[in-house]
Amino acid sequence: MDKRTYDNHAKAWVCIEDHEAAREPELVRRARALAEHAELAPSPASEGFLLAAFARMTKATSAIVVGTGSLVETAQLVEGLDGAGKLTAVDSSAAGVAAIRAFFSDIDDATRTTLRAVNAAPAIFLQRLNGNDYDLIVVSGDPSNYMPVLEQAPRLLRRGGAVVFTDALAMRAPHARGGLTNPADRGEKAVLMRELLEQIEDDERFVTAMAPAGDGVLIAVAR
């Protein structure tokens, strides 16, 4: 692609992000404000709407979000579950899980979705869950969140369920130098995402695709 094409793509991303940000539901706006108040980096609006759409596309009744203060992702999944089912938020950080619990308390009267916040390392918690019991898993935040989900997703997901890895280009990571768009970026998350991409695309248990929403979204659907 020439420079004009790249410039147009950058403008398209800004246009989409501004459009989606302007129409975020009140519940998601509350989550975003809470995340900013707690100094937790909220996800891009376009990514959040994509997650809500996936929840509806998979007709999810049981979802997991694994992240570090992943409030916007959590709020959009609550929207996507349409006031039904159950949502488990897993966060290994004390500050992150405190913010998620505060958000759950704030919206408890506004949804009938069963909400659970768990303060635990994903590598330990996920292996305790029942297999073949979840429709959608969303991953964000620290690099340590990603590989445990990749390992457990084939067991946890029902057939046709999906796992969504956000920040697939590793551009939100602390000290990122372009993430996967820069081959010279050897930061922890960039290295991890290159390895994860190679592993999951070779895994015959999944059908995969990448989308340019937010900072890159990697979608893997269980066959």
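Annotation: the span from Y146 atom OH to L196 atom CG amounts to 9.0 Å, rounded to 0.5 Å. Annotation: the span from D82 atom CG to K59 atom NZ amounts to 12.5 Å, rounded to 0.5 Å. With values rounded to the nearest 0.5 angstrom, N145 atom CG is found 12.5 Å from M147 atom CE. In this structure, CD in Q76 is found 12.5 Å from OG in S70, a value given to the nearest 0.5 Å. Atoms CG and SG, from N8 and C15 in turn, are 11.5 Å apart once rounded to the nearest 0.5 Å. How far CG of N132 is from CZ of R155: 10.0 Å, rounded to the nearest 0.5 Å.
Heavy atoms only, all atoms of each residue included: E79 and R56 are closest at O-NH2, 2.9 Å. Nearest heavy-atom pair across A176 and A170 is CB-O, 3.5 Å. Nearest approach of S46 to E17, heavy atoms of both residues: OG-OE1, 2.7 Å. Minimum interatomic distance between L192 and P143 (heavy atoms only, all atoms of both residues): CD1-O, 3.4 Å. Between T58 and A162, the shortest heavy-atom contact is CG2-CB, 4.5 Å. Shortest non-hydrogen contact noted between T68 and S93 is CG2-OG, 3.8 Å.
In terms of hydrophobic clustering, with Ile, Leu, Val, Met, Phe, Trp and Tyr side chains grouped at heavy-atom distances under 4.5 Å, L77 and V221 are assigned to a common cluster. V149 and L157 end up in the same hydrophobic cluster when Ile, Leu, Val, Met, Phe, Trp and Tyr side chains are linked at under 4.5 Å. At a threshold of 4.5 Å between side-chain heavy atoms, the hydrophobic network of Ile, Leu, Val, Met, Phe, Trp and Tyr places M193 and V139 in one connected group. Under the 4.5 Å side-chain contact rule for hydrophobic residues, V118 and V138 do not share a cluster. Linking ILVMFWY side-chain heavy atoms closer than 4.5 Å, directly or via other members, places V78 and V164 in a single hydrophobic cluster.
In this structure the side chain of T113 never reaches within 4.5 angstrom of the side chain of K86, judged on heavy atoms. No side-chain heavy atom of E151 sits under 4.5 Å from any side-chain heavy atom of L126. Using a 4.5 Å cut-off on side-chain heavy atoms (C-beta onward), L150 and E195 make no contact. No side-chain heavy atom of E20 sits under 4.5 Å from any side-chain heavy atom of E47. Side-chain contact between F165 and I200 is present, with at least one heavy-atom pair separated by less than 4.5 Å. You'll find the side chain of L197 reaches within 4.5 Å of the side chain of L180, heavy atoms only. Side chains of L71 and I100 form a contact here, defined as non-hydrogen atoms less than 4.5 Å apart. Taking the side chain as every heavy atom from C-beta outward, F206 and E201 never approach each other to under 4.5 Å.
Formation of a donor-acceptor pair under 3.5 Å by the R177 side chain with backbone atoms of N182 is not found in this model. Using modelled atom types, no side-chain atom of R116 and backbone atom of V90 make a donor-acceptor pair closer than 3.5 Å. With R29 contributing its side chain and E24 its backbone, the two residues share a donor-acceptor pair below 3.5 Å. Counting only distance, with no hydrogens or angles, the side chain of R223 and the backbone of E204 share a donor-acceptor pair below 3.5 Å. A donor-acceptor distance shorter than 3.5 angstrom exists from the side chain of D167 to the backbone of M171, with no hydrogens or angles considered.
In this structure, D185 does not pair ionically with R194, as no charged nitrogen and carboxylate oxygen lie closer than 4.0 Å.
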Checklist line | Step-by-step side chain to side chain contact (heavy atoms under 4.5 Å, CB included) determination, R101 to N119 | finding: CA-CA 10 Å; R101 285 173 176 159; N119 185 200; 4.2 Å; yes
Check: Run the side chain to side chain contact (heavy atoms under 4.5 Å, CB included) check on R172 and K189 step by step: do they pass?
Finding: CA-CA 9 Å; R172 288 208 302 266; K189 195 166 189 180; 5.6 Å; no
Next item on the list: Could you give me the CA-CA distance, side-chain angles and deciding distance for F125 and T88, then say whether side chain to side chain contact (heavy atoms under 4.5 Å, CB included) is met?
Entry: CA-CA 11 Å; F125 178 73; T88 301; 4.2 Å; yes
Check: After noting the C-alpha distance and the side-chain angles of L129 and I64, does the key distance pass the side chain to side chain contact (heavy atoms under 4.5 Å, CB included) rule?
Finding: CA-CA 11 Å; L129 298 176; I64 305 170; 3.7 Å; yes
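Counting non-hydrogen atoms of neighbouring residues, nucleotides and ligands closer than 6.0 angstrom, the CZ atom of R23 exceeds 12 such neighbours. With a 6.0 Å radius and a threshold of 12 heavy atoms from other residues, nucleotides or ligands, E39 has its CD atom at or below the threshold.
A donor-acceptor contact under 3.5 angstrom links the side chains of T61 and D135, judged on distance only.
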